[in-house]
Amino acid sequence: MLQTNLTLNRAWDALITLSATFAALVIPIKLVVGWQNRTSMIYFDAIGTAVFSIDLLVNLQRTRYAKQDKFIPEKKRGPASLQRGWLIVDLLAALPLSLVFNIALLRFLRFLKLARVAQFMRQWRQRTVKHSNVLRLAFFAYWFLLSAHWLACGWLALRGVAAASDHWTSYLRALYWTIQTLSTVGYGDVTPATNAETLYTMGVMIFGVGVYGYIIGNVASILANIDPAKAQHLANVEKLTAFMNYRNIPPPLQKRIRDYYAYLWEKRMSFDESNVVFSLPPSLRTDVSLFLKRDIIETVPLFQGAGDAFIREIALQMTPVIFTPGDYIYKAGELGRDMYFITQGTVEVVSKDGNMVYVTLTVGDFFGEIALVLSQPRTACVRAVSYCDLYRLDKEMFDRVLVNYPNIAAEIKAKAMERKKGW
Ligand code: CMP
(Lines give C-alpha, C1' and ligand atoms only; values in the text may rest on other atoms or scores of the structure.)
Protein backbone atom coordinates (compact mmCIF):
# COMPACT_ATOMS: atom_id res chain seq x y z
CA MET A 1 0.00 0.00 0.00
CA LEU A 2 2.75 2.35 1.07
CA GLN A 3 4.74 1.36 -1.99
CA THR A 4 1.76 1.96 -4.29
CA ASN A 5 1.22 5.38 -2.73
CA LEU A 6 4.85 6.21 -3.18
CA THR A 7 4.89 5.09 -6.82
CA LEU A 8 1.72 7.06 -7.54
CA ASN A 9 3.16 10.14 -5.88
CA ARG A 10 6.33 9.91 -7.90
CA ALA A 11 4.46 9.26 -11.14
CA TRP A 12 2.29 12.29 -10.47
CA ASP A 13 5.33 14.47 -9.75
CA ALA A 14 6.90 13.24 -12.99
CA LEU A 15 3.73 14.21 -14.89
CA ILE A 16 3.78 17.67 -13.32
CA THR A 17 7.45 18.05 -14.22
CA LEU A 18 6.65 17.12 -17.82
CA SER A 19 3.68 19.49 -17.99
CA ALA A 20 5.59 22.39 -16.45
CA THR A 21 8.52 21.79 -18.80
CA PHE A 22 6.24 21.61 -21.79
CA ALA A 23 4.57 24.88 -20.75
CA ALA A 24 7.97 26.51 -20.20
CA LEU A 25 9.03 25.49 -23.70
CA VAL A 26 5.85 26.24 -25.59
CA ILE A 27 4.61 29.48 -24.00
CA PRO A 28 7.56 31.73 -24.91
CA ILE A 29 7.94 30.36 -28.41
CA LYS A 30 4.23 30.80 -29.18
CA LEU A 31 4.30 34.34 -27.84
CA VAL A 32 7.34 35.23 -29.91
CA VAL A 33 5.91 33.72 -33.06
CA GLY A 34 2.62 35.48 -32.42
CA TRP A 35 0.39 32.43 -32.04
CA GLN A 36 -1.05 33.37 -28.68
CA ASN A 37 -4.63 33.54 -29.96
CA ARG A 38 -4.64 30.37 -31.97
CA THR A 39 -7.17 27.67 -31.07
CA SER A 40 -4.33 25.28 -30.26
CA MET A 41 -3.11 27.76 -27.66
CA ILE A 42 -6.54 27.89 -26.06
CA TYR A 43 -6.62 24.09 -25.81
CA PHE A 44 -3.12 24.17 -24.46
CA ASP A 45 -4.14 26.67 -21.76
CA ALA A 46 -7.20 24.61 -20.87
CA ILE A 47 -5.21 21.40 -20.51
CA GLY A 48 -2.62 23.25 -18.38
CA THR A 49 -5.37 24.59 -16.12
CA ALA A 50 -6.88 21.12 -15.75
CA VAL A 51 -3.59 19.38 -14.89
CA PHE A 52 -2.40 22.08 -12.51
CA SER A 53 -5.84 22.27 -10.82
CA ILE A 54 -5.74 18.53 -10.14
CA ASP A 55 -2.22 19.04 -8.80
CA LEU A 56 -3.54 21.77 -6.51
CA LEU A 57 -6.11 19.30 -5.12
CA VAL A 58 -3.44 16.61 -4.74
CA ASN A 59 -1.22 19.02 -2.83
CA LEU A 60 -4.14 20.17 -0.66
CA GLN A 61 -4.69 16.54 0.24
CA ARG A 62 -1.00 16.11 1.08
CA THR A 63 -1.14 19.25 3.26
CA ARG A 64 -4.19 17.92 5.11
CA TYR A 65 -2.22 14.81 6.01
CA ALA A 66 0.56 16.93 7.40
CA LYS A 67 -1.81 19.05 9.48
CA GLN A 68 -3.17 16.11 11.40
CA ASP A 69 -1.11 16.03 14.47
CA LYS A 70 0.55 12.71 13.86
CA PHE A 71 3.76 11.76 12.25
CA ILE A 72 3.44 10.66 8.66
CA PRO A 73 6.58 9.21 7.17
CA GLU A 74 8.02 11.15 4.27
CA LYS A 75 7.36 8.20 1.97
CA LYS A 76 3.65 8.23 2.64
CA ARG A 77 3.29 11.98 2.49
CA GLY A 78 4.87 11.99 -0.91
CA PRO A 79 7.92 13.95 -1.77
CA ALA A 80 6.17 17.30 -2.26
CA SER A 81 6.69 19.94 0.36
CA LEU A 82 3.63 20.74 2.41
CA GLN A 83 4.14 24.36 3.22
CA ARG A 84 1.32 26.73 2.59
CA GLY A 85 3.43 28.98 0.37
CA TRP A 86 3.61 26.21 -2.17
CA LEU A 87 -0.17 26.03 -2.36
CA ILE A 88 -0.26 29.69 -3.42
CA VAL A 89 2.26 28.91 -6.15
CA ASP A 90 0.12 25.96 -7.24
CA LEU A 91 -3.02 28.07 -7.22
CA LEU A 92 -1.50 30.86 -9.31
CA ALA A 93 -0.13 28.39 -11.83
CA ALA A 94 -3.53 26.70 -12.15
CA LEU A 95 -5.67 29.83 -12.60
CA PRO A 96 -7.17 30.09 -16.10
CA LEU A 97 -6.37 33.84 -16.17
CA SER A 98 -5.07 33.87 -19.74
CA LEU A 99 -8.31 32.23 -20.90
CA VAL A 100 -10.50 34.76 -19.06
CA PHE A 101 -8.60 37.98 -19.69
CA ASN A 102 -6.89 37.08 -22.93
CA ILE A 103 -3.66 38.73 -21.78
CA ALA A 104 -0.75 36.84 -23.26
CA LEU A 105 1.74 37.63 -20.50
CA LEU A 106 -0.53 36.10 -17.85
CA ARG A 107 0.54 32.76 -19.28
CA PHE A 108 3.92 33.26 -17.68
CA LEU A 109 2.24 32.54 -14.33
CA ARG A 110 2.60 28.89 -15.38
CA PHE A 111 6.35 29.35 -15.03
CA LEU A 112 5.84 29.40 -11.26
CA LYS A 113 5.33 25.68 -11.53
CA LEU A 114 9.02 25.32 -12.38
CA ALA A 115 9.78 26.11 -8.74
CA ARG A 116 8.00 22.84 -7.98
CA VAL A 117 10.17 21.06 -10.53
CA ALA A 118 13.29 22.44 -8.83
CA GLN A 119 11.93 21.14 -5.55
CA PHE A 120 11.27 17.62 -6.92
CA MET A 121 14.82 17.58 -8.24
CA ARG A 122 16.28 18.54 -4.87
CA GLN A 123 14.30 15.80 -3.16
CA TRP A 124 15.24 13.27 -5.80
CA ARG A 125 18.93 14.02 -5.37
CA GLN A 126 18.65 13.71 -1.59
CA ARG A 127 17.04 10.28 -1.93
CA THR A 128 19.43 9.01 -4.58
CA VAL A 129 22.80 8.33 -3.09
CA LYS A 130 24.18 6.04 -5.75
CA HIS A 131 23.91 8.13 -8.90
CA SER A 132 23.87 11.51 -7.24
CA ASN A 133 26.59 12.88 -9.53
CA VAL A 134 24.88 11.74 -12.69
CA LEU A 135 21.63 13.30 -11.51
CA ARG A 136 23.43 16.52 -10.76
CA LEU A 137 24.69 16.63 -14.34
CA ALA A 138 21.27 15.70 -15.75
CA PHE A 139 19.49 18.41 -13.75
CA PHE A 140 22.11 20.95 -14.72
CA ALA A 141 21.63 20.03 -18.39
CA TYR A 142 17.87 20.44 -17.94
CA TRP A 143 18.14 23.98 -16.58
CA PHE A 144 20.86 24.90 -19.03
CA LEU A 145 18.80 23.83 -22.05
CA LEU A 146 15.67 25.50 -20.68
CA SER A 147 17.57 28.76 -20.11
CA ALA A 148 19.10 28.52 -23.58
CA HIS A 149 15.60 28.10 -25.02
CA TRP A 150 14.31 31.17 -23.19
CA LEU A 151 17.30 33.27 -24.20
CA ALA A 152 16.85 32.13 -27.80
CA CYS A 153 13.19 33.17 -27.63
CA GLY A 154 14.29 36.55 -26.23
CA TRP A 155 16.73 36.99 -29.14
CA LEU A 156 14.00 36.00 -31.56
CA ALA A 157 11.66 38.55 -29.99
CA LEU A 158 14.25 41.30 -30.50
CA ARG A 159 15.31 40.28 -34.00
CA GLY A 160 11.89 39.25 -35.29
CA VAL A 161 10.94 35.92 -36.78
CA ALA A 162 10.53 37.27 -40.29
CA ALA A 163 14.29 37.54 -40.78
CA ALA A 164 14.60 33.93 -41.90
CA SER A 165 12.62 31.87 -44.33
CA ASP A 166 10.55 29.92 -41.78
CA HIS A 167 9.90 29.85 -38.06
CA TRP A 168 11.94 26.74 -37.47
CA THR A 169 15.05 28.19 -39.18
CA SER A 170 14.65 31.47 -37.26
CA TYR A 171 14.43 29.61 -33.98
CA LEU A 172 17.39 27.38 -34.81
CA ARG A 173 19.53 30.41 -35.69
CA ALA A 174 18.50 32.10 -32.43
CA LEU A 175 19.36 28.96 -30.44
CA TYR A 176 22.69 28.75 -32.28
CA TRP A 177 23.45 32.35 -31.32
CA THR A 178 22.50 31.62 -27.69
CA ILE A 179 24.62 28.51 -27.35
CA GLN A 180 27.70 30.11 -28.89
CA THR A 181 27.32 33.19 -26.68
CA LEU A 182 26.62 31.16 -23.53
CA SER A 183 29.54 28.85 -24.16
CA THR A 184 31.75 31.93 -24.73
CA VAL A 185 32.73 30.56 -28.16
CA GLY A 186 31.21 33.49 -30.07
CA TYR A 187 32.04 32.97 -33.76
CA GLY A 188 30.73 36.41 -34.46
CA ASP A 189 28.68 35.33 -37.47
CA VAL A 190 25.44 36.43 -35.78
CA THR A 191 25.96 39.85 -34.26
CA PRO A 192 23.67 42.41 -32.60
CA ALA A 193 22.34 45.02 -34.97
CA THR A 194 20.37 47.30 -32.65
CA ASN A 195 21.04 48.84 -29.26
CA ALA A 196 18.53 46.53 -27.63
CA GLU A 197 20.24 43.51 -29.18
CA THR A 198 23.66 44.77 -28.02
CA LEU A 199 22.42 45.18 -24.46
CA TYR A 200 20.79 41.76 -24.59
CA THR A 201 23.98 40.20 -25.94
CA MET A 202 26.04 41.72 -23.13
CA GLY A 203 23.60 40.32 -20.56
CA VAL A 204 23.76 36.84 -22.10
CA MET A 205 27.57 37.00 -22.22
CA ILE A 206 27.77 37.79 -18.51
CA PHE A 207 25.33 35.01 -17.75
CA GLY A 208 27.36 32.70 -20.03
CA VAL A 209 30.59 33.36 -18.12
CA GLY A 210 28.80 32.34 -14.89
CA VAL A 211 27.44 29.18 -16.48
CA TYR A 212 30.84 28.34 -17.94
CA GLY A 213 32.52 28.74 -14.55
CA TYR A 214 29.85 26.55 -12.98
CA ILE A 215 30.41 23.83 -15.60
CA ILE A 216 34.20 23.81 -15.17
CA GLY A 217 33.95 23.77 -11.36
CA ASN A 218 31.33 21.05 -11.30
CA VAL A 219 32.91 18.78 -13.87
CA ALA A 220 36.14 18.84 -11.85
CA SER A 221 34.35 18.04 -8.62
CA ILE A 222 32.20 15.33 -10.23
CA LEU A 223 35.30 13.67 -11.69
CA ALA A 224 37.04 13.83 -8.32
CA ASN A 225 34.00 12.28 -6.66
CA ILE A 226 33.52 9.39 -9.06
CA ASP A 227 35.70 7.15 -6.88
CA PRO A 228 36.05 8.86 -3.48
CA ALA A 229 37.61 5.78 -1.87
CA LYS A 230 40.42 5.72 -4.41
CA ALA A 231 40.95 9.47 -4.14
CA GLN A 232 41.20 9.11 -0.36
CA HIS A 233 43.62 6.20 -0.68
CA LEU A 234 45.89 8.10 -3.05
CA ALA A 235 45.84 11.13 -0.75
CA ASN A 236 46.83 8.90 2.17
CA VAL A 237 49.68 7.33 0.22
CA GLU A 238 50.94 10.76 -0.80
CA LYS A 239 50.85 12.00 2.79
CA LEU A 240 52.64 8.87 3.91
CA THR A 241 55.36 9.22 1.26
CA ALA A 242 55.98 12.82 2.34
CA PHE A 243 56.23 11.70 5.96
CA MET A 244 58.61 8.83 5.17
CA ASN A 245 60.91 11.12 3.20
CA TYR A 246 60.80 13.78 5.90
CA ARG A 247 61.75 11.27 8.59
CA ASN A 248 64.38 9.59 6.36
CA ILE A 249 62.85 6.14 6.67
CA PRO A 250 65.19 3.67 4.92
CA PRO A 251 64.07 2.68 1.39
CA PRO A 252 63.49 -1.04 2.14
CA LEU A 253 61.21 -0.11 5.03
CA GLN A 254 59.46 2.45 2.84
CA LYS A 255 58.85 -0.26 0.28
CA ARG A 256 57.31 -2.52 2.91
CA ILE A 257 55.01 0.26 4.08
CA ARG A 258 53.95 1.04 0.54
CA ASP A 259 53.37 -2.64 -0.22
CA TYR A 260 51.23 -2.88 2.89
CA TYR A 261 49.02 -0.01 1.73
CA ALA A 262 48.79 -1.48 -1.75
CA TYR A 263 47.66 -4.78 -0.26
CA LEU A 264 45.21 -3.01 2.02
CA TRP A 265 43.74 -1.17 -0.92
CA GLU A 266 43.43 -4.36 -2.95
CA LYS A 267 41.84 -6.31 -0.13
CA ARG A 268 39.62 -3.94 1.76
CA MET A 269 39.73 -0.77 -0.27
CA SER A 270 41.48 0.82 2.72
CA PHE A 271 38.34 0.90 4.77
CA ASP A 272 38.82 0.43 8.44
CA GLU A 273 36.27 -2.33 8.84
CA SER A 274 35.96 -2.03 12.61
CA ASN A 275 35.31 1.70 12.47
CA VAL A 276 32.71 1.33 9.76
CA VAL A 277 30.92 -1.38 11.73
CA PHE A 278 31.01 0.46 15.03
CA SER A 279 29.54 3.60 13.52
CA LEU A 280 26.36 1.60 12.79
CA PRO A 281 23.41 1.17 15.18
CA PRO A 282 23.61 -2.05 17.25
CA SER A 283 20.88 -3.84 15.30
CA LEU A 284 22.74 -3.41 12.02
CA ARG A 285 26.14 -3.95 13.58
CA THR A 286 25.74 -7.68 14.21
CA ASP A 287 24.26 -8.43 10.80
CA VAL A 288 26.94 -6.44 8.97
CA SER A 289 29.67 -8.07 11.08
CA LEU A 290 28.28 -11.50 10.31
CA PHE A 291 28.29 -10.71 6.62
CA LEU A 292 31.80 -9.24 6.63
CA LYS A 293 33.22 -12.09 8.65
CA ARG A 294 31.55 -14.86 6.70
CA ASP A 295 35.00 -15.71 5.26
CA ILE A 296 36.42 -16.56 8.65
CA ILE A 297 33.26 -18.32 9.77
CA GLU A 298 33.40 -20.43 6.63
CA THR A 299 37.14 -21.14 6.66
CA VAL A 300 37.86 -21.91 10.32
CA PRO A 301 36.69 -25.49 11.03
CA LEU A 302 36.35 -24.67 14.73
CA PHE A 303 33.45 -22.31 13.98
CA GLN A 304 31.59 -24.54 11.60
CA GLY A 305 29.92 -26.70 14.18
CA ALA A 306 29.38 -23.80 16.57
CA GLY A 307 25.88 -22.55 17.34
CA ASP A 308 24.29 -19.40 16.05
CA ALA A 309 24.66 -17.51 19.35
CA PHE A 310 28.41 -18.10 19.39
CA ILE A 311 28.85 -17.05 15.78
CA ARG A 312 26.90 -13.82 16.31
CA GLU A 313 28.89 -12.94 19.41
CA ILE A 314 32.29 -13.77 18.02
CA ALA A 315 31.60 -11.98 14.73
CA LEU A 316 31.22 -8.73 16.63
CA GLN A 317 34.31 -9.20 18.78
CA MET A 318 36.95 -10.26 16.29
CA THR A 319 38.94 -7.56 14.55
CA PRO A 320 40.67 -7.97 11.18
CA VAL A 321 44.43 -7.44 11.09
CA ILE A 322 46.88 -7.67 8.21
CA PHE A 323 50.52 -8.76 8.48
CA THR A 324 53.09 -8.40 5.72
CA PRO A 325 55.64 -11.09 4.77
CA GLY A 326 58.38 -11.43 7.37
CA ASP A 327 56.45 -9.68 10.17
CA TYR A 328 56.74 -11.25 13.61
CA ILE A 329 53.24 -11.67 15.00
CA TYR A 330 54.48 -13.10 18.30
CA LYS A 331 57.89 -13.33 19.90
CA ALA A 332 58.68 -16.29 22.15
CA GLY A 333 58.48 -15.43 25.85
CA GLU A 334 55.99 -12.54 25.46
CA LEU A 335 52.85 -12.35 27.56
CA GLY A 336 49.72 -13.50 25.78
CA ARG A 337 46.99 -10.91 25.23
CA ASP A 338 45.28 -12.36 22.20
CA MET A 339 45.06 -15.15 19.65
CA TYR A 340 44.57 -15.20 15.88
CA PHE A 341 42.57 -17.07 13.26
CA ILE A 342 43.93 -17.26 9.70
CA THR A 343 41.57 -16.46 6.82
CA GLN A 344 44.24 -15.90 4.23
CA GLY A 345 47.99 -16.44 3.99
CA THR A 346 50.53 -18.61 5.80
CA VAL A 347 52.45 -18.20 9.04
CA GLU A 348 55.26 -20.29 10.48
CA VAL A 349 56.00 -21.15 14.10
CA VAL A 350 59.73 -20.56 14.52
CA SER A 351 62.45 -20.66 17.15
CA LYS A 352 63.52 -17.60 19.09
CA ASP A 353 66.32 -16.77 16.66
CA GLY A 354 64.01 -17.38 13.71
CA ASN A 355 66.26 -20.00 12.10
CA MET A 356 64.29 -23.13 12.86
CA VAL A 357 60.77 -23.58 11.45
CA TYR A 358 58.71 -25.95 13.60
CA VAL A 359 55.44 -25.91 11.77
CA THR A 360 53.53 -23.96 9.14
CA LEU A 361 49.94 -22.89 9.72
CA THR A 362 47.53 -21.74 7.04
CA VAL A 363 43.90 -20.86 6.20
CA GLY A 364 41.47 -22.12 8.85
CA ASP A 365 44.15 -22.62 11.54
CA PHE A 366 44.48 -20.64 14.74
CA PHE A 367 47.47 -19.86 16.94
CA GLY A 368 48.36 -18.04 20.14
CA GLU A 369 45.98 -20.12 22.24
CA ILE A 370 48.62 -21.81 24.47
CA ALA A 371 49.53 -18.58 26.30
CA LEU A 372 45.84 -17.84 26.90
CA VAL A 373 44.71 -21.32 27.98
CA LEU A 374 47.67 -22.06 30.21
CA SER A 375 48.43 -18.47 31.29
CA GLN A 376 52.07 -18.77 30.37
CA PRO A 377 54.48 -16.86 28.08
CA ARG A 378 54.47 -17.57 24.34
CA THR A 379 56.06 -20.90 23.56
CA ALA A 380 57.54 -19.83 20.22
CA CYS A 381 57.73 -17.02 17.68
CA VAL A 382 55.14 -16.79 14.92
CA ARG A 383 56.15 -15.15 11.63
CA ALA A 384 54.11 -14.26 8.55
CA VAL A 385 55.33 -16.00 5.42
CA SER A 386 53.05 -14.16 2.99
CA TYR A 387 50.50 -11.37 3.34
CA CYS A 388 48.16 -12.65 6.03
CA ASP A 389 44.58 -11.71 6.75
CA LEU A 390 44.01 -12.64 10.36
CA TYR A 391 41.22 -12.14 12.83
CA ARG A 392 42.27 -11.19 16.33
CA LEU A 393 40.42 -12.38 19.42
CA ASP A 394 41.51 -10.63 22.62
CA LYS A 395 41.97 -12.30 25.99
CA GLU A 396 38.81 -10.86 27.50
CA MET A 397 36.60 -12.30 24.78
CA PHE A 398 38.57 -15.54 24.84
CA ASP A 399 37.84 -15.90 28.56
CA ARG A 400 34.14 -15.28 27.87
CA VAL A 401 34.20 -18.04 25.26
CA LEU A 402 35.73 -20.42 27.78
CA VAL A 403 32.90 -19.73 30.22
CA ASN A 404 29.91 -19.46 27.87
CA TYR A 405 30.73 -21.99 25.18
CA PRO A 406 32.26 -25.07 26.85
CA ASN A 407 32.33 -27.15 23.66
CA ILE A 408 34.42 -24.65 21.75
CA ALA A 409 36.57 -24.04 24.83
CA ALA A 410 37.20 -27.78 25.10
CA GLU A 411 38.37 -27.94 21.47
CA ILE A 412 40.76 -25.01 21.84
CA LYS A 413 42.08 -26.41 25.12
CA ALA A 414 42.63 -29.85 23.59
CA LYS A 415 44.59 -28.28 20.72
CA ALA A 416 46.66 -26.22 23.16
CA MET A 417 47.52 -29.29 25.22
CA GLU A 418 48.43 -31.29 22.14
CA ARG A 419 50.74 -28.55 20.78
CA LYS A 420 52.20 -27.93 24.22
CA LYS A 421 53.40 -31.55 24.41
CA GLY A 422 56.23 -30.79 22.03
CA TRP A 423 57.62 -28.08 24.32
P1 CMP B 1 51.47 -19.43 22.05
O2 CMP B 1 52.44 -20.21 22.84
O3 CMP B 1 50.52 -18.57 22.77
O4 CMP B 1 52.29 -18.60 20.97
C5 CMP B 1 52.95 -19.28 19.93
C6 CMP B 1 51.96 -20.14 19.22
O7 CMP B 1 52.47 -21.00 18.22
C8 CMP B 1 51.37 -21.12 20.21
O9 CMP B 1 50.63 -20.46 21.16
C10 CMP B 1 50.62 -22.05 19.29
O11 CMP B 1 49.40 -21.53 18.91
C12 CMP B 1 51.58 -22.09 18.12
N13 CMP B 1 52.35 -23.32 18.19
C14 CMP B 1 53.36 -23.61 19.01
N15 CMP B 1 53.79 -24.86 18.79
C16 CMP B 1 53.06 -25.40 17.83
C17 CMP B 1 53.04 -26.66 17.19
N18 CMP B 1 53.86 -27.63 17.49
N19 CMP B 1 52.10 -26.85 16.22
C20 CMP B 1 51.26 -25.89 15.90
N21 CMP B 1 51.25 -24.68 16.48
C22 CMP B 1 52.14 -24.43 17.45
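Each ligand, and each atom within it, is numbered from 1 in the order the structure gives.
Of the candidates K421, R378, R419, the one placing a heavy atom closest to atom 18 (N) of ligand 1 is R419. With W423, F367, Y330, F366 as candidates, the residue nearest to atom 14 (C) of ligand 1 on a non-hydrogen basis is W423.
Atoms of ligand 1 lying under 4.0 Å from any heavy atom of V359, numbered from 1 in the order shown and given with element: 17 (C), 19 (N), 20 (C), 21 (N). For ligand 1, the atoms closer than 4.0 angstrom to any heavy atom of A380 are 5 (C). Per-residue contacts place E369 under 4.0 angstrom from the following atoms of ligand 1 (heavy atoms of the residue considered): 9 (O), 10 (C), 11 (O). Of all atoms in ligand 1, numbered sequentially from 1 with element shown, those under 4.0 Å from a heavy atom of V382 are 5 (C), 6 (C), 7 (O).
Ligand 1 lies out of reach of G336, whose nearest heavy atom is not under 4.0 Å from it.
Scanning both residues, F278 and L316, for their nearest heavy atoms gives CZ-O, 4.1 Å. Residues Y171 and A152 share a closest heavy-atom pair of CE1-CB, 4.2 Å.
For R419 and F366, the positive end sits near the middle of the six-membered ring, less than 6.0 Å away and at most 45° from its axis.
By the 3.5 Å distance cut-off applied to N or O atoms, G368 is counted among the residues near ligand 1.
Judged purely by distance below 3.5 Å, without hydrogens or angles, the side chains of D327 and T324 pair a donor atom with an acceptor atom. With 3.5 Å as the limit, one finds a donor-acceptor pair spanning the side chains of D55 and N59. Counting only N and O atoms by type, the side chains of R294 and T299 include no donor and acceptor under 3.5 Å apart.
Of all protein heavy atoms, the one closest to atom 12 (C) of ligand 1 is V349 CG2, 4.0 Å. At the top of the distance list for atom 8 (C) of ligand 1, counting protein heavy atoms only, stands T379 OG1, 3.7 Å.
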- prompt: side-chain contact (heavy atoms from CB on, under 4.5 Å) between I412 and F398: does it pass, once the steps are laid out?
  reply: CA-CA 10 Å; I412 297 181; F398 179 80; 3.9 Å; yes
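Residue-level proximity to ligand 1 for I370 is carried by backbone and side chain together, each with a heavy atom below 4.0 angstrom.
In this structure, the ring of Y387 has its center no less than 6.0 angstrom from the ring center of Y260.
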